2 protein chains.
Amino acid sequence: MATTIKDIAKKTGVSHSTVSRALSGNSLISSVTSERIRKAAIEMGYQASAAARSLKTNRSNVIGVILNSMDDPFFSGIVDGIDACAQEAGYSLFIAASQYDLKREKNIVKSMMEHRTDGVIICSSSFSAEQGRQLLRNQFPIVVINHQASQNFHYSIYHDDFDGSQQIARHLIALGHCKIAYLGNSLSGRTTIERFNGYETILKSAGITPLPEYVHQQSGGYAANGYSSAEYYLNLPMPPTAIMCFNDLMAIGMLKGLQDAGVQVPTQVSVTGFDNIPLSEYTNPALTTLDQPKRSIGREAMQLLLDLLGNNENNGIFEPKKKVLKGTLLIRQSSSVPPTPNHRQNLHE
Amino acid sequence: MATTIKDIAKKTGVSHSTVSRALSGNSLISSVTSERIRKAAIEMGYQASAAARSLKTNRSNVIGVILNSMDDPFFSGIVDGIDACAQEAGYSLFIAASQYDLKREKNIVKSMMEHRTDGVIICSSSFSAEQGRQLLRNQFPIVVINHQASQNFHYSIYHDDFDGSQQIARHLIALGHCKIAYLGNSLSGRTTIERFNGYETILKSAGITPLPEYVHQQSGGYAANGYSSAEYYLNLPMPPTAIMCFNDLMAIGMLKGLQDAGVQVPTQVSVTGFDNIPLSEYTNPALTTLDQPKRSIGREAMQLLLDLLGNNENNGIFEPKKKVLKGTLLIRQSSSVPPTPNHRQNLHE
DNA sequence: GACTCCATTGCACACGTGTGCATAACGATA
DNA sequence: TATCGTTATGCACACGTGTGCAATGGAGTC
């Protein structure tokens, strides 16, 4: 059995209230008593019971984090940022992955509610509206990251996907590309739409109307989805000279798919990613991509949540807050000038 | 304020004990009353307080997971496995990353002790012995994954690194390589030693004595560490024809480093990884590596912990258990026959 | 010496849940 | 009718901590 403040009280000959106050640094207790109690506590290996404390104070010092999958370099970058900020502030993290499964989502929400999580960070773009409402109904402070339905939540951190996508499109046009394709991930909702919008806007303002078949959606954002799309683009009557991929994973798959088909990147086709996951720097050729500040996004989300918790006396009055972070274009080796016409011929032999 | 069993009791006109029993499925309560209470509970949106329950029952239904970093595709694969198994069994996960920082480790351990975590899974190979003892002293059931100091803990899941490394070395020798290097990660302790041992054993049994400079250690296991090591090997008077890397991340960095230096893989140098992280299939060339069953390792660890918790009446009597899982060799494109002598010359021009 | 004031500590209750024991109701049996 | 057994429910306490309020005691003031 773990030692309690009563045990300490018995040993030091004071009441348990005195121990409680001494350990929490209450200045009412005389410094000599306080010191004596502190010493005994360490000696006896005392560890406060979070359960008892949370029961009494109605605060758990725990933050729930919901994501699709841990095994995704984009999300794990964000979580690392959340974790760093949370540890500094003395919070622990409940982390659970929904794996796009509604039943799991329900279980996760239930578990977080039972544990009276002080707040929740949702970085699963596809998190269902129903479960979100469930949390909101129970007054949980929620911060969402890159969620598709921003109107449902009052506090959110977003990456400016529209802007980022524009940066990439501008870069490709500046290189001289006209036949630019966009490969999306239909599962990611708002995110892929914004990125598509950025792409379309810039092309239009440059007087380019992409062929309808240049816009292709996959239901998933993994390397395998990118790989299989390479064939799709290569089989088009007039293949694109540049392919903007929804994210780095798909771009890496695309890279491999093109190369396996004997197509050279970037000589024959340029490929770009999105996110700047750690390995995107080490592909061959290194991936031109947009650096999303993942750790910063995580930290900002946690910081916003901490602000909410600190001032929760004026809970209802708080005005909604939506923070938008911009990324920066990283020009590496997977993008270059489009091939000259005779090169383009080569592609079809 | 959240609704409690007392609220339900008041509304249904019974005592709170009856409500407690009804909701926990106690057969003493008549089925009509039980049904009525259940209905009211759902209606009122009741969610049991985990804090109160855990205070009373001395079980938290929470498992602590300690790792170095979330942002590592090897560990996140394992955590995904742990998470899946935990959710099925009704456990929630406390996850925290130490980032190789002793102060953080201490905070993590303290937090887990305060929350009376039912058990702890350590998948940080470098987790300090002192903190481990701290947990053991407080009777926490602990399962370690791939930890370097197995003797300190009674329950552990290991990947057979010795065997895996042997498989790779045999493969390279079968291809005809003699000048085989091993690139290690000194931070990973036991793991890198075992892999080195496998390498050395097979080479010795094949009558090969590697040059001392072929064995090179980096303090870190990321792509950057692999990248910078490429130069080291290329500058040797007699460079190796095959490089076994500690893990996939380093191998991917190595791939890039060699290619940036104008060296062709696998024509001039073969490169192998370890772990089979998701992206290793999509490098150019695709990486020959050893598939560690990451999700299985995670599941096995969680399952072992569940076994410990289920039978904790005979806590002390439990005999130590050490489960070893073997990986399988994946031969892809980064390994091939060594270059013929005149090729080798080319390397030094 | 009686009084006030302040510093220090203890008492008692609360948080929400689980559970051993007593109690109540009721039918069956003698 | 008295007794017993069974079934269903309530009472009361416990888990470990925090906190408002009362109590104690000593020093200082008139």
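Chain letters run A, B, ... following the sequence lines, proteins first, then strands; residues in each count from 1. Note that the structure is a prediction, hence the values are computed from the model and not measured.
Of all the residues in residues 29-47 of chain B, B/I29, B/S30, B/T33 reach under 4.0 Å from DNA chain D with at least one non-hydrogen atom.
Residues forming a side chain to side chain donor-acceptor pair (under 3.5 Å) with A/S69 (at least two apart in sequence, or on another chain): B/D80. Under the salt bridge (Lys or Arg N to Asp or Glu O under 4.0 Å) criterion, A/E105 pairs with no residue at all, not counting sequence neighbours. The ring-ring contact (aromatic ring centres under 6.0 Å, His included) check on A/F94 picks up A/H115, B/F94, with sequence neighbours excluded. Residues forming a side chain to side chain donor-acceptor pair (under 3.5 Å) with B/Q134 (at least two apart in sequence, or on another chain): B/R137. For A/K323, the salt bridge (Lys or Arg N to Asp or Glu O under 4.0 Å) criterion is met by A/E300, not counting sequence neighbours. Not counting sequence neighbours, A/K10 has no partner by the salt bridge (Lys or Arg N to Asp or Glu O under 4.0 Å) test. For A/R299, the salt bridge (Lys or Arg N to Asp or Glu O under 4.0 Å) partners two or more places apart in sequence, or in a different chain, are A/E88.
Comparing B/H16 and A/H16, the nucleotide of DNA chain D nearest to each residue sits closer to the 5' end for B/H16.
With a 6.0 Å cutoff to the six-membered ring centre and a 45° limit on the axis angle, A/K322 counts as a cation-pi contact of A/Y158.
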Identify each atom pair where a protein N or O and an N or O of nucleotides 20-23 of chain C are less than 3.5 Å apart, giving names and distance.
| residue | atom | partner | partner atom | Å |
| --- | --- | --- | --- | --- |
| C/dG20 | O6 | B/R21 | NH2 | 3.0 |

Under 3.5 Å, which N/O atoms of the protein pair with N/O atoms of nucleotides 23-26 of chain D?
none

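For residues 11-31 of chain B, the salt bridge (charged side-chain N to carboxylate O under 4.0 Å, His left out) pairs, not counting sequence neighbours, are B/K11-B/E43.
When the side-chain nitrogen and oxygen atoms of B/S15 are compared with OP1 and OP2 of D/dG10, one or more of them lie within a distance under 4.0 Å.
Among the atoms of the strands shown, base atoms are found under 4.0 Å from some heavy atom of A/S20. Among the heavy atoms of the strands lying under 4.0 Å from B/A48 are primed sugar atoms or P, OP1, OP2 only; no base atom is included.
The distance between atom CD1 of A/I5 and atom C1' of D/dT19, rounded to the nearest whole Å, is 11 Å. Counting to the nearest Å, the C1' atom of D/dG18 and the CZ atom of A/R59 are 15 Å from each other. Between B/L55 atom CG and D/dC15 atom P the separation is 9 Å, expressed in whole Å. Computed from coordinates, the A/N26 CG to C/dT8 P distance equals 11 Å when rounded to whole Å.
Rotation axes derived from the C1' atoms of the five outermost pairs at either end of the helix from C/dG1-D/dC30 to C/dA30-D/dT1 lie 70° apart, to the nearest 10°.
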